[in-house]
Amino acid sequence: MSLPQPADLVVHGGTVVNAGGRSAATVVVGQGRVLAVQDPSLPLPPHRRAVDATGKLVIPGGVDPHCHIGQRLGLYQQLDDYVSASTAALWGGTTTVVDFAIPEPGQSPLAAVQERRDMAAASRCDTALHGCVVEWDDTTGKQIETMAELGVRTIKLFTTYRNAVMAQPDTVLEVLRALHTNGGIAYVHAEANHVIEDAQDIAASAARADARHHAFTRPELAENAAVAQVLATAEHVGAPVYFVHQTTAAAVDLVRAARRRGVRAYTETCPHYLYLDERSYTGEHPERFVCCPPLRAGSSVAALRARALVGDVDTLGSDHCCYDTAQKSEHSDDVLVMPNGLPGVETRLPVAFTQLVRRGGMPVERFVAMFATNAARLNGLTGKGVIAPGADADLVVLDPDATRTATVADLHMETDYTPYEGEELAGWPSVVISSGRVVVDERGFHDPGPVGRALDAAPIPGHLLT
Ligand code: URP
Ligand code: ZN
Ligand code: ZN
């Protein structure tokens, strides 16, 4: 690529780390893209701005494949919108967020996509969307085709949350098949609903339906059973499948075993399932940690982390849900009513970096794969998740040795708490560049305005990851 004179930006002195390797390099940026990744011994090309990354890592901007933005799930409205969620994402080194278009009762999946696309116009970073199908009908196949033409090729399916968004097994099968035909992939929340409802009944009859007993009501075997069933369906129809927020080693192992048989199956986990455990439910504010699936026992967290460290987990989603402490506590005596989910779009990088790289010794290359590259590929987002000529200039500069104490006062999500309050975390970005714009640096946040593009997913090809 020939370099315009002068380049908009050069990032020099750092170690550029991609999923495929690292090198000392200068990144040259122009017109929102990476123009060159050049030998650091070469003179800097003429440029308008320079970022000195000496002693630091330069990694691709994060791609968060699992982010709920300003949604109403059940009784509770999440407190953020595209402006605040994307701003917090950028602060945390994530330059692309993938949100969900979950239809309201009576709304079609396609109408939900169109509505969310309009909302995303306010975003400060690039965005993409997952559609969502609750019940297959005569129109769904055509809607999935139209969504694919609109650049939405990933569809969320829930095997739980009856009377809300739960899809029956025949709907799961039809959607998997239709997505396969349209170059798409299903994103599945897999928990066996009948087991959960039974556990909830048992808990309620023992007056234990509150947040403190949340983990009991959604046992590991419910997750493992649903993953096994959906995998069998995917294998039967020959379709790819992606499991969101996996929390158990057994579920991850099921996906790996299927992959070895040739099934295109993928595992996502979330920073909270790697960092926190069910002891959070015995503390002063158990409700602040209620998410589905729940936080697991310490031994399960260790086993999940071990899988991640050997490369058996493909992506890291935040599963960001922005509720505040008042919303979390209002009905904390009933986990069926209170809002699920944790705020996390801003802390995805430091929480996972601390647990996997700092404490676990994961090579930064593998971390980059989970944080950005694999999510980009599994969402058909070409130009994302890699620092290479022609790619979007989404870059994060971080000092891997620096740590900072997490506190809600320093964060930017529309909530009054973080599950990581007081934790000493590494991997905080010092500079964030989004489509060539320096949006975070030592002087703070530089609001780029509503420049985030709604990205079209390209057809998702055959075997994507090893
Ligand atoms: O607890 C969670 N994760 N709430 C958000 C909805 C979902 O299941 O992803
Ligand atoms: Zn879910
Ligand atoms: Zn979710």
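In listed order, ligands and their atoms are each counted from 1. On a predicted model such as this, the values are computed, not experimentally measured, just so you know. Below, each value reflects all heavy atoms present in this structure, side chains not excepted, and no hydrogens, waters or symmetry copies.
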Working for salt bridge (charged side-chain N to carboxylate O under 4.0 Å, His left out), residues Asp456 and Arg117: CA-CA 11 Å; Asp456 290 341; Arg117 272 266 159 114; 3.4 Å; yes

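- Taking both residues in full, the closest heavy atoms of Ala406 and Tyr420 are given as CB-O, 3.4 Å, listed atom of the first, atom of the second, then distance.
- Of the protein's non-hydrogen atoms, the one nearest atom 9 (O) of ligand 1 is His68 NE2, 3.2 Å.
- Protein heavy atom in closest approach to atom 1 (O) of ligand 1: Cys292 N, 2.7 Å.
- In terms of N/O distances under 3.5 Å, ligand 1 is not approached by Val290.
- Because the distance cut-off is set at 2.8 Å, His245 fails to qualify as a neighbour of the Zn ion (ligand 3), as none of its N, O or S atoms comes that close.
- Distances below 4.0 Å separate heavy atoms of Cys291 from the following atoms of ligand 1: 1 (O).
- Judged purely by atom type and a 3.5 angstrom limit, Asp392 has no side-chain atom pairing as donor or acceptor with the backbone of Ser435.
- Those atoms of ligand 1 that come under 4.0 Å of a heavy atom in His245, given as number and element, are 8 (O), 9 (O).
- Here His68 reaches the Zn ion (ligand 3): one of its N/O/S atoms is less than 2.8 Å from the metal.
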Salt bridge (charged side-chain N to carboxylate O under 4.0 Å, His left out) evaluation trace for Arg288 with Glu421: CA-CA 12 Å; Arg288 295 184 190 176; Glu421 188 69 38; over 6 Å; no

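- Against a heavy-atom cut-off of under 4.0 Å, His189 is close to the following atoms of ligand 1: 7 (C), 8 (O).
- Nearest protein heavy-atom contact of atom 5 (C) of ligand 1 is Cys321 SG, 3.5 Å.
- Looking only at its N/O/S atoms, His189 has ND1 as the one nearest to the Zn ion (ligand 2).
- The minimum distance between the Zn ion (ligand 3) and any N, O or S atom of Asp319 involves atom OD1.
- In this structure a side-chain-to-backbone donor-acceptor pair under 3.5 Å is missing from Thr269 to Thr247.
- Listed by atom number, the atoms of ligand 1 under 4.0 Å from Asp319 heavy atoms are 2 (C), 3 (N), 5 (C), 9 (O).
- Contact annotation for Asn340 and ligand 1: heavy atoms of both the backbone and the side chain come within less than 4.0 Å of the ligand.
- Ring centroids of His412 and Phe445 are separated by 6.0 Å or more, keeping the two rings apart.
- Using modelled atom types, one finds no donor on one side chain facing an acceptor on the other under 3.5 Å when comparing Asn379 with Tyr242.
- Using a non-hydrogen distance threshold of 4.0 Å, Tyr161 registers as a contact of ligand 1.
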Step-by-step ring pair (Phe, Tyr, Trp, His ring centres under 6.0 Å) determination, Tyr417 to His285: CA-CA 11 Å; Tyr417 86 105; His285 288 292; 9.0 Å; no

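- When atom types are taken as modelled, the side chain of Ser86 and the backbone of Arg124 share a donor-acceptor pair closer than 3.5 angstrom.
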